[in-house]
Amino acid sequence: MYTKPTLVFCFLVLMLIVKQATPRVEFTNLKCMSVDKDFAEFSECTLKSINRTYKYISARVSLYKLPITKARVNFGLYKRFNGYKPFLYNQTINACHFFKHQKAHPVAKYFFDMIKEVSNLNHSCPYNHDIIVEKASTDMVNHHITNILSYPEGDYMLETHWILNDKYAGGIKVYLSLF
Ligand SMILES: *[C@@H]1O[C@H](CO)[C@@H](O)[C@H](O)[C@H]1NC(C)=O
Ligand SMILES: *[C@@H]1O[C@H](CO)[C@@H](O)[C@H](O)[C@H]1NC(C)=O
Ligand SMILES: *[C@@H]1O[C@H](CO)[C@@H](O)[C@H](O)[C@H]1NC(C)=O
């Protein structure tokens with residue numbers, strides 16, 4: 001004895017559940033670039049596809065002039081239209097400050113939360129060790145994108161630039177598709 005509007009409503013709810021349950025993010029590429037190999041060098045920068053549902057990225061930056069007492073990170077989200085164009089954000093944050101006051105930097109926190117469980121970047125300055133992100137998977141990114149904040153479908157690139165001890169060290173670009 002269901003009325004038509006009730007059925008339509010149930011269908012919409014079901015669609016929403018199905019849509020949330022399907023993977024929405026795919027890593028498509030990862031690029032790491034360091035400018036001075038005596039200062040900072042990527043000893044790992046990999047995108048791995050284990051199977052259709054399990055893909056991850058890992059990166060390791062070896063730092064040769066320790067300690068790092070100052071760190072600034074610039075980040076921007078690009079979207080592909082006709083080539084990658086700046087889409088959202090162009091922020092430079094003081095990373096040493098960020099790790100003590102994460103709530104003061106909501107956008108940086110949003111991105112950092114995706115990888116914080118799998119990285120040793122979880123304390124403030126000084127840094128006396130290599131920086132590692134180990135197996136950040138599409139699942140982790142999916143969780144944040146679908147449950148916390150959503151973006152329209154398309155191809156994106158998250159670009160970050162790192163300035164360590166007042167020296168430009170390099171950058172990382174993560175390419176992903178949302179569908
Ligand atoms: C994909 O690989 C992961 C890790 O090896 C495994 O846990 C998962 O069951 C695999 N999924 C499929 C669909 O094979
Ligand atoms: C971000 O802002 C800086 C300074 O205004 C500018 O040089 C840079 O090109 C901008 N980057 C993006 C992605 O818009
Ligand atoms: C940072 O991560 C390491 C390794 O996972 C962990 O041992 C440590 O307790 C974490 N530190 C903080 C401040 O969360």
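Computed from a predicted model, the values in this text were never measured in an experiment. Each ligand, and each atom within it, is numbered from 1 in the order the structure gives.
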Will you find, in the side chains of S43 and S62, an N or O donor that is under 3.5 Å from an N or O acceptor? yes
Around ligand 1, what residues show up once you keep those with a heavy atom under 4.0 Å from it? I50, N51, T53, Y54
Out of N120, D113, V118, which residue meets the side chain to side chain contact (heavy atoms under 4.5 Å, CB included) rule with K116? D113
Using salt bridge (Lys or Arg N to Asp or Glu O under 4.0 Å) as the criterion, list what pairs up with K173, not counting sequence neighbours. E159
For T69, does its backbone N or O pair with a side-chain atom of N165 as donor and acceptor, under 3.5 Å? yes
If you compare all heavy atoms of Y64 against all heavy atoms of D38, which two are closest, and at what distance to 0.1 Å? CB-O, 3.2 Å
Mutual orientation of the aromatic rings belonging to Y156 and Y151 [parallel < 30°, tilted 30-60°, perpendicular > 60°]: tilted
Any atoms of ligand 2 less than 4.0 Å from a non-hydrogen atom of N90? List them with their elements. 1 (C), 2 (O), 3 (C), 8 (C), 10 (C), 11 (N), 12 (C), 14 (O)
